[in-house]
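Remember, it's 1-based here, ligands and their atoms both numbered in the order they're listed. These numbers come from the heavy atoms of this one structure, side chains and all, not from hydrogens, waters or symmetry mates.
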Amino acid sequence: MIGVFDSGLGGLTVVRALMESLPDYDIIYFGDTARTPYGTKSSETVIRYALQNTDFLINNGANIIVIACNTASSVATPEVTGKYDIPFFEVITPAVDHSLETTKTNNIGVIGTRATINSGVYERKIKKKRPDAKVYSKPCPLLVPLVEEGWMKKPETKMIIKKYLHPLKVSQVDTLILGCTHYPLLKEAIQSKIGKKVNIIDSALTVAGRVKTYIEANPDIDNLLTKHGKTEFYVSDITQQFKETASTILKRKIHLKQVKI
Ligand code: DGL
């Protein structure tokens, strides 16, 4: 199975993208709803959680792991990939590569949680591949709770997005990386505030593309993956709000199963 984990339910944007690009492949999802958000926590804590989440997925049949959470991808990738001998996909590298393919001016914007932006990982990866690129990063901590409240289309949300994006707009970025699981759900508002000429990179879509390419090129791994078009959803806490957020993201009702990890 393809294992996917996130700090909560935002990672369902990655599941949605995987279901579109690999509809037959079975997926096991773990959302750490009891300990969300990760974006405000220390690296040490996020690493510990990421290792526990990975253990859960592997113990329940995952043969490859997608770290859907940008925060966990930013701070915990070396620790999780160093511990297990199976293929891992994080959401940062595919988005960086895609941004470098699309930018014409080398002015790239990145938005994410505080932990992701403070880690400096996007900037480091972009500059390593293109030293003359200019990277403008902006933490947008209010956007996750707004999405979780279902306020995607509210004027207040649009106003906050406008304020967050203002410095990136002034810096004339031509490409903007959505470095957080929740931001694809605000894509329309983000596009309208940053300007329609700016290329938006959705890390959920890019990582799904990367997984597909990898599976096609590695039949030995492909053979391990079951293909009944089934997805199981596990979470560490269930509330009515979580159920609603999950349905909003996947655009259908899903059955969440609670587990202790
Ligand atoms: N999943 C997190 C991310 O992509 C956002 C929510 C959180 O802070 O846990 O960075």
Notebook entry, point to check: Y38 heavy atoms, cut-off 4.0 Å: which ligand 1 atoms fall inside?
Noted result: 7 (C), 8 (O), 9 (O)

Notebook entry, point to check: To the nearest 0.5 Å, what is the distance between CE (M1) and OG1 (T231)?
Noted result: 10.0 Å

Note to self: Students should be able to answer this: which protein heavy-atom is nearest to atom 10 (O) of ligand 1, and at what distance?
What the structure shows: T71 OG1, 2.6 Å

Checklist line | Per-atom contacts of ligand 1 with D6, taking only distances under 4.0 Å to non-hydrogen atoms | finding: 1 (N)

Item checked: Protein contact to atom 6 (C) of ligand 1 [nearest heavy atom, distance to 0.1 Å] -> S7 OG, 3.6 Å

Margin query: Evaluate T245 against T248 for side chain to side chain donor-acceptor pair (under 3.5 Å), listing each step before the verdict.
Written below: CA-CA 5 Å; T245 305; T248 309; 5.8 Å; no

Checklist line | Straight-line distance of S73 OG to F88 CZ, nearest 0.5 Å | finding: 11.0 Å

Note to self: Is the contact between T113 and ligand 1 made by the side chain, the backbone, both, or neither, using heavy atoms and a 4.0 Å cut-off?
What the structure shows: side chain

Note to self: For the OH atom of Y25 and the CD1 atom of I215, what is their distance to the nearest 0.5 Å?
What the structure shows: 5.0 Å

Item checked: Closest approach of any protein heavy atom to atom 8 (O) of ligand 1, naming residue and atom -> G39 N, 2.8 Å

Margin query: So does T181 get a backbone contact from the side chain of T13, meaning a donor-acceptor N/O pair under 3.5 Å?
Written below: yes

Check: Can G112 be said to touch ligand 1, with heavy atoms closer than 4.0 Å?
Finding: no

Note to self: Determine whether T226 and D26 satisfy the following criterion, side chain to side chain donor-acceptor pair (under 3.5 Å), listing intermediate values before the conclusion.
What the structure shows: CA-CA 6 Å; T226 50; D26 297 340; 2.8 Å; yes

Notebook entry, point to check: Counting from 1, what ligand 1 atoms have a heavy atom of T36 closer than 4.0 Å?
Noted result: 9 (O)

